[in-house]
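Okay, so here's the structure we're looking at.
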Amino acid sequence: MNRRDFIQAASVSALASTPLARAAAPAVKPIRLGIIGAGSRGQEDLRHFLRVPGVSLSAICDIYPPRAQQVNRIAGRTIPCTASYAEMLARTDIDAVLIASPVSCHAEHVIAAARSGRAIYGEKALGFTVEDNHKIVDEITRSKVLFQIGHEYRYAAWVQEAMRRVLAGEIGRPTHVYAYWHRNGNWRRSVPTPDPGKKLEHLINWRLYRETSGGLGTELGSHHIDMANWVFGEQPASVLGTQSICTYNDGRTVGDNVQLVFNYSEGRRLVFSSITDNAKTGCELWIYGTQGSVQITIEDATFFYEKSKASNHPSSDHADSKTVVERGVVTGASYSTAGEMPYRGPGAKVQTDNAEDPTLCSVRSFVEAVRGEHPIDADVHVGFRAAIACSIAHDAVFAESRMPIPTLAT
């Protein structure tokens with residue numbers, strides 16, 4: 001920091017400490033947080049929680065000791081840590097619980113937290129198995145605690161504005177969603193050695209094993225399933241999937257690529273692809289409607305519009321028995337590929353005043369809901385509709401057959 005910046009920072013700090021500044025600052029209800037599962041995603045959520053005024057961390061629960069030191073660095077102080085979630089939930093200095101443990105543990109942890117009466121921010125997916133998902137909804141409903149699922153893109157300003165316009169009919173009737181999350185990396189975390197019995201391998205790399213992970217379809221695709229549910233106003237009725245280990249033959253038991261087709265009513269579809277050996281497409285979602293399309297990424301959204309049918313598709317009055325020669329093939333005019341090249345212009349980018357990180361928007365909204373400022377948006381039912389599809393897709397990719405997706409009994 002140079003001298004000028006130092007003086008400016010010191011002046012701001014001094015001004016903020018004056019009685020007048022303290023009187024002007026709005027009072028916020030303190031929210032004391034406990035975290036169950038302080039791995040990479042839990043730590044990322046925590047960083048954003050601690051950016052929200054009035055939020056502090058009271059306790060950590062994790063069975064891997066190095067996590068405590070990592071969280072202490074984020075918090076800037078030593079936080080009490082335990083391997084027992086029951087011990088943590090018995091504390092009296094916790095108002096809300098962040099659950100970011102492996103998905104196979106979600107039901108156990110969410111149900112215990114709900115029975116303690118605390119508000120819960122639960123990372124996706126809601127539950128691992130069909131039974132887990134039903135048990136979580138039943139307990140949240142019975143306990144009447146606040147619950148928000150970690151579908152943070154629901155809270156991104158550009159996603160909300162794009163969805164508002166889609167649901168208002170701007171691209172006509174949405175019929176298909178194509179979603180991608182392509183990366184170039186093995187999805188593996190480093191493990192300390194030695195590791196007798198591969199205990200740390202399965203603890204740290206739980207995402208790579210069928211017993212503890214829904215694979216790429218759950219860990220990445222759950223966000224896109226949730227957004228397709230939002231577009232179509234329902235959860236999918238069935239799923240057909242496939243996966244393979246194409247590049248990383250390292251002992252993992254879930255695919256290093258996956259392709260899923262989710263079927264909605266009226267013939268509508270979500271097609272999801274995730275690969276781990278090429279990042280060209282990255283993370284994006286396309287909503288295709290009868291009059292246009294919208295591309296949504298983790299940073300922005302852009303609308304594109306269909307060309308006029310009248311100007312690009314000859315009517316029967318102008319294209320009767322006329323033939324066309326294209327690339328040496330004689331064919332009827334109705335088969336002409338003229339106008340089939342994709343639109344390559346810039347499109348119409350969604351403009352919003354808020355470009356904040358989606359996770360920050362999501363956790364801030366949760367804190368506001370805990371303070372009673374508004375209801376939860378991405379509630380347990382939103383989480384169920386995406387997670388139940390993930391649970392069935394996890395089995396469908398191994399069976400490579402179409403499987404029905406159950407709905408929540410009402």
Side-chain angles (χ1 to χ4, degrees), residues 33-50 52 55 57 60-64 67 70-71 74 85 88-89 94 96-114 118-129 132-133 135-137 139-140 145-156 181 187 189 203-207 212-227 283 298 357-367 369-370 376-391 394:
L33 199 65
I35 178 172
I36 301 176
S40 57
R41 185 59 200 174
Q43 291 177 32
E44 180 65 12
D45 286 342
L46 180 60
R47 289 185 184 94
H48 290 291
F49 265 110
L50 294 179
V52 181
V55 176
L57 181 63
I60 308 163
C61 173
D62 202 287
I63 61 175
Y64 186 47
R67 300 298 187 216
Q70 295 164 2
V71 171
I74 294 171
Y85 65 81
M88 192 196 83
L89 293 173
I94 294 176
V97 181
L98 163 61
I99 297 175
S101 52
V103 66
S104 59
C105 301
H106 282 184
E108 181 179 359
H109 294 159
V110 170
I111 289 170
R118 272 60 171 248
I120 302 166
Y121 186 96
E123 263 303 339
K124 53 80 191 165
L126 182 69
F128 187 39
T129 66
D132 285 350
N133 285 300
K135 284 182 176 179
I136 290 172
V137 175
E139 185 57 43
I140 295 297
V145 296
L146 288 175
F147 179 92
Q148 182 172 317
I149 190 68
H151 289 313
E152 66 270 14
Y153 295 108
R154 275 189 172 252
Y155 295 86
W181 204 318
W187 209 32
R189 308 284 171 84
L203 176 65
I204 294 171
N205 283 309
W206 59 268
R207 291 177 178 85
T212 51
S213 171
L216 294 161
T218 295
E219 292 305 312
L220 301 181
S222 55
H223 293 291
H224 299 89
I225 297 167
D226 175 53
M227 293 177 70
C283 176
I298 58 175
D357 183 278
T359 301
L360 177 58
C361 294
S362 179
V363 302
R364 179 190 290 115
S365 182
F366 171 74
V367 171
V370 174
I376 295 286
D377 179 18
D379 62 13
V380 71
H381 294 94
V382 167
F384 177 90
R385 288 190 287 270
I388 199 71
C390 291
S391 297
H394 180 45

Once you measure the plane-to-plane angle for W181 and H224, does it fall in the parallel (<30°), tilted (30-60°) or perpendicular (>60°) bin?
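W181 vs H224 ring planes: perpendicular.
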Are any of the side-chain heavy atoms of [X] and [Y] separated by less than 4.5 Å?
X    : Y    : answer
D226 : R154 : yes
H394 : F128 : yes
I36  : L98  : no
C61  : I35  : no
L146 : I120 : no
H106 : L126 : no
P358 : Y155 : no
E219 : W187 : yes

Who passes side chain to side chain contact (heavy atoms under 4.5 Å, CB included) against D357, sequence neighbours left out?
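Result, side chain to side chain contact (heavy atoms under 4.5 Å, CB included) vs D357: H48, T359, L360.
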After noting the C-alpha distance and the side-chain angles of L46 and V71, does the key distance pass the side chain to side chain contact (heavy atoms under 4.5 Å, CB included) rule?
CA-CA 8 Å; L46 180 60; V71 171; 3.6 Å; yes
Which heavy atom of [X] sits nearest to which heavy atom of [Y], and what is that distance?
X    : Y    : value
R189 : S40  : NH1-OG, 2.9 Å
I376 : F366 : CD1-CD1, 4.1 Å
I60  : A38  : CG2-CB, 4.0 Å
C390 : G217 : SG-O, 3.9 Å
A125 : T218 : CB-CG2, 3.8 Å
G39  : D62  : N-OD2, 4.0 Å

Looking at E152 and K124, is there a salt bridge between them, counting it only when a charged N and a carboxylate O are closer than 4.0 Å?
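Salt bridge: no.
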Cationic N near anionic O, under 4.0 Å, E44 to R41:
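No, E44 and R41 are not salt-bridged.
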Proximity of Y121 and F147 rings by center, below 6.0 Å
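They do not qualify: ring centres at least 6.0 Å apart.
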Using side chain to side chain contact (heavy atoms under 4.5 Å, CB included), reason through V137 and H381 one step at a time and then give a plain yes or no.
CA-CA 7 Å; V137 175; H381 294 94; 4.2 Å; yes
Drop me the distance from I149's CD1 to R385's CZ, to the nearest 0.5 angstrom.
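Spacing of CD1 (I149) from CZ (R385) equals 12.0 Å.
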Working to the nearest 0.5 angstrom, can you tell me the gap between I63 CD1 and Y85 OH?
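Interatomic distance, I63 CD1 to Y85 OH, rounded to 0.5 Å: 12.0 Å.
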Between the side chains of S391 and N133, does any donor sit under 3.5 Å from an acceptor?
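Side-chain D/A pair, S391 to N133: present.
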Return yes if a side-chain donor-acceptor contact under 3.5 Å exists between S362 and Q148, otherwise no.
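Side chains of S362 and Q148: pair found under 3.5 Å.
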Side chain to side chain contact (heavy atoms under 4.5 Å, CB included) for V363 and V55? Distances and angles first, verdict last.
CA-CA 10 Å; V363 302; V55 176; over 6 Å; no
Looking at R207, is its backbone amide N or carbonyl O close enough to the side chain of S213 to form a donor-acceptor pair, meaning the two atoms are under 3.5 Å apart?
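Checking the backbone N and O of R207 against the side chain of S213, a donor-acceptor pair under 3.5 Å is found.
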Sidechain-backbone polar pair: S222 side chain, A386 backbone, donor-acceptor under 3.5 Å
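No, because the side chain of S222 does not come within donor-acceptor range (under 3.5 Å) of the backbone of A386.
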Are R118 and I94 close enough, and set up right, to give a side chain to side chain contact (heavy atoms under 4.5 Å, CB included), and what steps lead you there?
CA-CA 8 Å; R118 272 60 171 248; I94 294 176; 3.9 Å; yes
